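Structure record follows, encoded as structure tokens.
Atoms within each ligand, like the ligands themselves, are counted from 1 in listed order. Everything numeric here is computed off the predicted structure, so don't read it as measured data.
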Amino acid sequence: MTIVNSHNDWDPLEEIIIGVSDFWCVPNEEPGFKPPQRSGKRSDEHIDKAAIQMDNLERVLTSQCNVTVRRPEKIDFTQPAKTPFFSLAHQHGASCPRDTLLVIGNEIMETTMSRRARYFESMAYRKIMNDYFEKDKEMLWTMVPKPTMADAMYNVDFPWDINCQERKQWIRNYKYQINETEPLFDAAEVLRLGKDLIVQQSTTANKKGIEWLRRHVKSRGYRVHEIHFPDDLYPIHIDSTLAPLVPPTKERKGILVNCPERPIAKEDKERIFEGSNWEIIDAPPPNTMTVPDLCMSSAWLSMNMLLVGPDRAVVEETEIPTINFLESLGIKCIRVPYRDCYRFGGGLHCHTLDVRRRGECYNYFP
Ligand code: NVA
């Protein structure tokens, strides 16, 4: 029985994991992260409001799209944690399977993560992973080398003030608070286009992590392309910066949308996409630039949608410009209320992980 099979973001969706908001905490300050707000557990009111919207998403996918939905264990991440290299008063949460787990065909990787507070996050999916491993005899289950996350892995002089000149210089030189001591990458830095994997070097993925992925998938014919968005002063997770909407066919190019505030570096665009079957256009604007209070993401979560097939998407119901744009491309939108979830590390794409889509792995580049 094949359970794990997913090569891109658009093939017809059959099975998915949706995260949970329970026990979710804003991490404390650590070398890899400075909280922009008070750290600690989110209020029960906010956790419950998000849970209602995530449960509704589960119902919509199950009843309207015939998708099998799995949910992680509700682990108490308000607990402290200690390893030989660091200790934490509390951890983070399991709202975003996309950040942690990377599905490449029949393989699911538990990625390294880059912040200490997220070190044990993939444990919330262990029961699901075991179940897949037992039932799907072809499933590959990989743990990317667990980093120490010792102090030496971080640049302690990183300028956290997003408005200072020094910060711009660091970002323009593609230098972040994580250094190159050990491989690091969050799964959410990887955009899957069949045989081509586009990976953002960022505050959550270093070059060594990208190189680890390159060597790991090379024998299966995958190409890994490192990408940058130099105007993004807090580059984290590619899925509200570059997103595929329409795959290429013999008749027309595929469409990727790029956040207009964070254009792809010119040299990366030329190296990766010139002469390819992909057209890169500006993403439509968010409906409002105001995000819910305590949301740590940008309004560009408008791009963080979930395609359930090449002609159907699940979109946050107030993101009208995105909905209009998708419908103009012939992609029908299922509108769901989702803004209460924006306080939990992302949107519809971040909070989901497509485990099985009907389709094969194609080469979408010439
Ligand atoms: N870079 C992101 C995170 C998206 C999940 C943002 O726009 O906030």
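In the vicinity of S297, heavy-atom distances shorter than 4.0 Å reach the ligand 1 atoms 8 (O). Listed by number with element, the atoms of ligand 1 under 4.0 Å from a non-hydrogen atom of R262 are 1 (N), 6 (C), 7 (O). Heavy-atom contacts of C350 reach the following atoms of ligand 1: 5 (C) (cutoff under 4.0 Å). Near I236, meaning under 4.0 Å from one of its heavy atoms, ligand 1 places the atoms 1 (N), 2 (C), 3 (C).
By the 4.0 Å N-to-carboxylate-O rule, R356 lies close enough to E15 to be salt-bridged with it. A salt bridge does not link K208 to E182: none of the charged side-chain nitrogens sits closer than 4.0 Å to a carboxylate oxygen. Taking a cutoff of 4.0 Å between a charged side-chain nitrogen and a carboxylate oxygen, R118 and D99 qualify as a salt bridge. Using a 4.0 Å cut-off between a side-chain N of Lys or Arg and a carboxylate O of Asp or Glu, D196 and R223 qualify as a salt bridge. With respect to E317 and R335, no salt bridge is recorded, no charged nitrogen being found less than 4.0 Å from a carboxylate O.
The side-chain contact (heavy atoms from CB on, under 4.5 Å) test applied to D9 returns R98, L191, R192, P244, H349, D354, not counting sequence neighbours.
Under a 4.0 angstrom heavy-atom cut-off, R98 registers as lying outside contact with ligand 1.
Remark: ligand 1 and S298 share an N or O pair separated by less than 3.5 Å (distance only, no angle test).
Closest to atom 4 (C) of ligand 1 among all protein heavy atoms lies S240 OG, 3.2 Å.
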